[in-house]
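Each chain gets a letter, A, B and so on, in the order the sequences are listed, and its residues count up from 1.
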There are 2 protein chains.
Amino acid sequence: MPPKIGKIRDVARETGLSTATVSRVMNGNPKVNPEMRATVLAAAKKLNYVPNPAARALSTNRSKTVAAIIPTIDHSVYAKYITAVEKTLSARGYTLVLAISNADAQMECDAAEKLIAMGAEAFILTGAKHSAALIDLLDRCAKPLVFTSVFDDQSAIPTIGYDNQALAKAAIAHLQEHGHRDIAVVYGSLAENDRTVTRLKGARMALGSADNTLFFEVDLSVEGGRRAAMEILNTDKRPSAILCFSDVLALGVMFLLQSQGIRIPLDISVMGFDNLDWSRQSYPSLTTIDLPASQMGAEAALQIMRRLEEDHPMSSLDLPAKIMRRGSVGPVRHRP
Amino acid sequence: MPPKIGKIRDVARETGLSTATVSRVMNGNPKVNPEMRATVLAAAKKLNYVPNPAARALSTNRSKTVAAIIPTIDHSVYAKYITAVEKTLSARGYTLVLAISNADAQMECDAAEKLIAMGAEAFILTGAKHSAALIDLLDRCAKPLVFTSVFDDQSAIPTIGYDNQALAKAAIAHLQEHGHRDIAVVYGSLAENDRTVTRLKGARMALGSADNTLFFEVDLSVEGGRRAAMEILNTDKRPSAILCFSDVLALGVMFLLQSQGIRIPLDISVMGFDNLDWSRQSYPSLTTIDLPASQMGAEAALQIMRRLEEDHPMSSLDLPAKIMRRGSVGPVRHRP
DNA sequence: TTGAAAGCGCTAACAT
DNA sequence: ATGTTAGCGCTTTCAA
């Protein structure tokens with residue numbers, strides 16, 4: 001039995017009104033007689049009428065669909081931010097279509113092409129580094145575009161996020177305040193992630209010419225963190241603090257240190273980046289940087305919608321992040 | 001400057017062919033002369049032509065869009081499975097639209113309504129327990145539907161997942177093999193999650209009438225795990241093993257035990273469920289149950305597409321999960 | 001305030 | 001193998 005889905009004409013016939021009026025009602029046009037409106041709504045209910053989105057999109061040339069491309073979903077930071085994007089969009093009748101690029105520029109570009117072909121009206125990309133081909137494509141198609149997870153005044157494309165360089169500096173400063181001079185910095189693949197590059201730059205600036213800093217580039221995973229920590233323990237001059245550019249890495253570092261009986265922060269301090277759900281509950285609780293993921297997602301969605309609806313220009317936004325001072329960073333202990 | 005996006009007619013005019021032929025080429029219809037095909041493709045490239053998805057959807061009455069509703073994305077299990085769904089769908093030209101229900105039946109139903117209005121052709125829902133209104137709605141609209149994360153022979157709706165009850169039994173059996181008789185079971189909200197209910201039932205069956213089992217219902221979070229572990233430590237007769245129905249909970253349990261100087265598995269064994277990325281790397285490495293999340297997502301997507309395209313009937317699928325024997329479960333230690 | 005009617009861009013008979 | 005053409009369901013001038 002076909003579910004008998006009503007069309008606009010059925011509603012028009014049922015109410016004795018024209019399809020134009022029905023359309024007006026369905027679109028909340030203020031200049032329809034309230035009585036007619038009620039009649040139409042009743043008939044719509046009765047006939048199980050829901051406007052066909054394809055027909056509407058074809059007619060208006062608007063799909064109310066926005067695309068977001070993220071490197072991976074396997075990462076609570078992205079998950080949080082995407083959740084916020086979805087919530088904000090759907091509250092206003094928009095749909096989010098998601099693509100996952102695996103941090104690969106080519107895949108990202110292919111995904112964008114598909115998303116355009118699927119009718120996406122605007123794009124939210126993660127980070128500020130993308131293939132010229134992609135930017136060019138979006139530009140030629142006149143698709144509004146925002147970058148998230150970064151804030152960059154200079155960027156021609158609006159950036160909604162945080163200042164990764166400043167945050168990394170602040171993180172180093174936080175460790176230095178605790179007396180740490182021998183610091184190891186652990187991060188995921190630089191090639192895949194421009195935020196990491198920017199953070200590294202910030203850390204280098206804050207460290208000045210101190211060449212007793214160790215840098216470890218590993219897989220962005222708990223396993224990567226473990227590996228880095230293993231290497232760190234094998235160096236001659238063991239650092240007194242480890243700064244990780246992701247809580248995920250910090251978790252791996254902590255696991256390994258614990259497995260070796262090394263006390264945190266007594267023997268080594270550990271600091272993360274992201275403030276994932278569990279980082280407050282870890283043992284010891286992880287000192288980290290809280291990123292405004294939800295706010296970022298909501299803002300990006302909001303700006304895109306305003307851009308789409310009122311042609312409101314988008315603008316970069318520097319959202320506040322802050323150091324969560326917790327138990328994994330302590331004063332340096334002077335060894336005899 | 002408007003980016004001058006070509007229509008099918010422009011391509012037809014440019015090539016001197018009809019729109020029908022252009023359409024055929026764009027849809028890979030085999031019966032077009034290869035030369036014509038090449039000509040059309042070239043013109044399409046030149047004129048920047050991409051078929052308008054709304055027009056196509058209107059014409060074919062197919063949106064090539066499938067909807068998935070998940071409780072939350074903040075959880076690697078769902079993330080993994082959704083990633084697989086997205087990958088599988090997009091490989092065949094389908095789009096995934098995602099909604100997040102926060103494990104709330106009402107929100108889930110509202111989301112589904114919106115997704116229908118947006119043109120979703122089929123639905124993937126998590127778990128087997130959903131509001132009658134939702135099932136009814138999807139039924140009336142004749143939207144193909146699959147449940148994932150569960151396998152249930154008896155279900156009228158196809159289920160693609162694993163046998164939660166059997167897995168929980170296996171988990172208890174695994175602990176019993178190590179001599180554990182006093183076991184605590186920790187899980188998230190029963191009201192929000194039917195998989196948890198099923199697992200609990202399995203555990204109860206495996207435990208038989210042993211009434212020395214402790215049950216703890218907490219928030220499904222690391223913090224929840226911590227809380228449960230705190231309570232467990234405060235009971236008179238401390239269990240020798242803790243089974244958590246999620247690795248997330250197990251992580252919280254481990255954090256708390258460690259903070260109290262309790263050795264795992266020497267003093268207490270801990271077992272999880274899910275096999276998240278980090279659980280192998282934890283200290284000690286977490287014994288858990290590996291769920292076939294990716295395979296599940298891919299299968300669900302595949303079945304839906306076959307159903308949509310060839311009207312192939314969908315069928316339930318019991319995917320293999322297995323116990324990952326690692327370091328957090330050890331033999332019971334007999335106390336004097 | 002309401003109605004009539006012309007498309008929006010594409011697909012799919014049907015005809016050739 | 002290719003062309004003609006009638007819609008798909010809705011929005012939106014333009015008239016009334």
Side-chain angles (χ1 to χ4, degrees), chain A residues 2-41 43-44 47-65 93 116-121 141 309, chain B residues 2-41 43-44 47-65 93 116-119 121 141 308-309:
Chain A
K4 205 69 203 113
I5 181 102
K7 315 298 183 197
I8 198 171
R9 270 183 214 158
D10 303 325
V11 179
R13 195 177 311 118
E14 172 84 10
T15 57
L17 292 165
S18 71
T19 61
T21 302
V22 176
S23 172
R24 289 187 189 108
V25 170
M26 297 317 287
N27 290 292
N29 186 319
K31 33 187 173 185
V32 305
N33 184 316
E35 288 184 33
M36 299 295 103
R37 173 183 304 284
T39 321
V40 168
L41 258 17
L47 298 181
N48 216 318
Y49 171 66
V50 178
N52 177 320
R56 178 177 271 173
L58 181 57
S59 211
T60 58
N61 203 21
R62 300 249 0 236
S63 65
K64 288 202 130 196
T65 284
I116 289 176
M118 284 160 168
E121 291 188 64
C141 297
E309 284 167 20
Chain B
K4 205 68 202 111
I5 181 104
K7 315 299 182 197
I8 197 172
R9 270 183 215 157
D10 303 326
V11 179
R13 193 177 313 118
E14 172 84 12
T15 57
L17 293 163
S18 70
T19 61
T21 301
V22 176
S23 172
R24 288 186 189 107
V25 169
M26 298 316 286
N27 291 290
N29 185 319
K31 32 186 172 186
V32 305
N33 184 316
E35 287 185 34
M36 300 294 104
R37 174 184 303 285
T39 320
V40 168
L41 258 16
L47 298 182
N48 215 318
Y49 170 66
V50 178
N52 177 319
R56 177 178 271 171
L58 181 58
S59 209
T60 57
N61 202 22
R62 300 245 5 233
S63 66
K64 289 203 130 195
T65 283
I116 289 176
M118 283 161 168
E121 291 189 65
C141 296
L308 252 20
E309 285 165 19

Worksheet entry | Side chain of Ala55(A) (C-beta onward), nearest among dC8(C), dC10(D), dA4(C) | dC10(D)
Item to complete: Return the 5'-most residue of the pair Leu17(B), Asn61(B) with respect to DNA chain D, ranking by each residue's nearest nucleotide.
Response: Leu17(B)
Worksheet item: Side chains of Arg56(B) and Asn27(B): does their closest heavy-atom pair fall under 4.5 Å?
Response: yes
Fill in: N-O pairing of Asp10(A) and Arg13(A) below 4.0 Å
yes
Discussion item. Does dT11(C) have OP1 or OP2 under 4.0 Å away from a side-chain N or O of Ser23(B)?
Written reply: yes
Worksheet item: Do any side-chain nitrogens or oxygens of Asn52(B) fall under 4.0 Å of OP1 or OP2 in dC8(C)?
Response: no
Discussion item. Taking any heavy-atom pair under 4.0 Å as a contact, classify Met36(B): base, sugar-phosphate, or nothing.
Written reply: sugar-phosphate
Worksheet entry | Arg37(B) CZ to Asn29(B) CG distance, which is reported to the nearest 0.5 Å | 7.5 Å
Practice prompt. Could you tell me whether the side chain of Ser63(B) and the main chain of Gly119(B) form a donor-acceptor pair under 3.5 Å?
Written response: yes
Worksheet entry | Residue Asn27(A), side-chain heavy atoms: nucleotide from dG9(D), dT11(D), dA4(C) that is nearest | dT11(D)
Practice prompt. Take the protein atom CZ of Arg13(A) and the nucleotide atom C1' of dC10(D), then report the distance between them rounded to whole Å.
Written response: 15 Å
Discussion item. Any side-chain N or O of Lys31(B) below 4.0 angstrom from OP1/OP2 of dA1(D)?
Written reply: no
Worksheet item: How close or far is atom C1' of dG7(C) from atom NZ of Lys7(B), stated in whole angstroms?
Response: 13 Å
Item to complete: Measure the distance from CG on Leu58(B) to C1' on dT11(D) and round it to the nearest whole Å.
Response: 12 Å
Worksheet, complete the sentence: Ranking dG3(C), dT12(D), dA13(C) by distance to the side chain of Ala20(B), first place goes to dA13(C)
Practice prompt. Could you check how far CE of Met26(A) sits from C1' of dC10(D), rounded to whole Å?
Written response: 11 Å
Worksheet item: What is the distance from atom CG of Leu58(A) to atom CG of Asn52(A), rounded to the nearest 0.5 Å?
Response: 9.5 Å
Item to complete: Would you mind reading off the distance between Ile8(B) atom CD1 and dG7(C) atom P, rounded to a whole angstrom?
Response: 19 Å
Practice prompt. Calculate the interatomic distance between Arg24(B) atom CZ and dC10(C) atom C1'; express it in whole Å.
Written response: 13 Å
Practice prompt. Could you check Thr19(A) against Pro30(A) and say which one's nearest nucleotide on DNA chain C is further toward the 5' end?
Written response: Pro30(A)
Worksheet item: Do Glu121(B) and Lys64(B) sit within salt-bridge range, that is, some charged N less than 4.0 Å from a carboxylate O?
Response: no
Fill in: Arg9(A) CZ to dG3(C) P, straight-line distance once rounded to whole Å
15 Å
Discussion item. What is the separation between atom NZ on Lys64(B) and atom P on dC10(C), rounded to the nearest whole Å?
Written reply: 16 Å
Discussion item. The side chain of Ser59(B) is closest to which nucleotide in this list: dT2(D), dG3(D), dC8(D)?
Written reply: dC8(D)
Discussion item. Using the side-chain heavy atoms of Asn33(A), tell me which of these nucleotides is nearest: dT2(D), dC14(D), dT1(C).
Written reply: dT1(C)
Discussion item. Heavy atoms only, 4.0 Å cut-off, all strands: where does Gly16(A) land among base, sugar-phosphate and nothing?
Written reply: sugar-phosphate
Worksheet item: Hey, is the side chain of Thr21(A) poking within less than 4.0 Å of OP1 or OP2 on dG3(C), counting only N and O atoms?
Response: yes
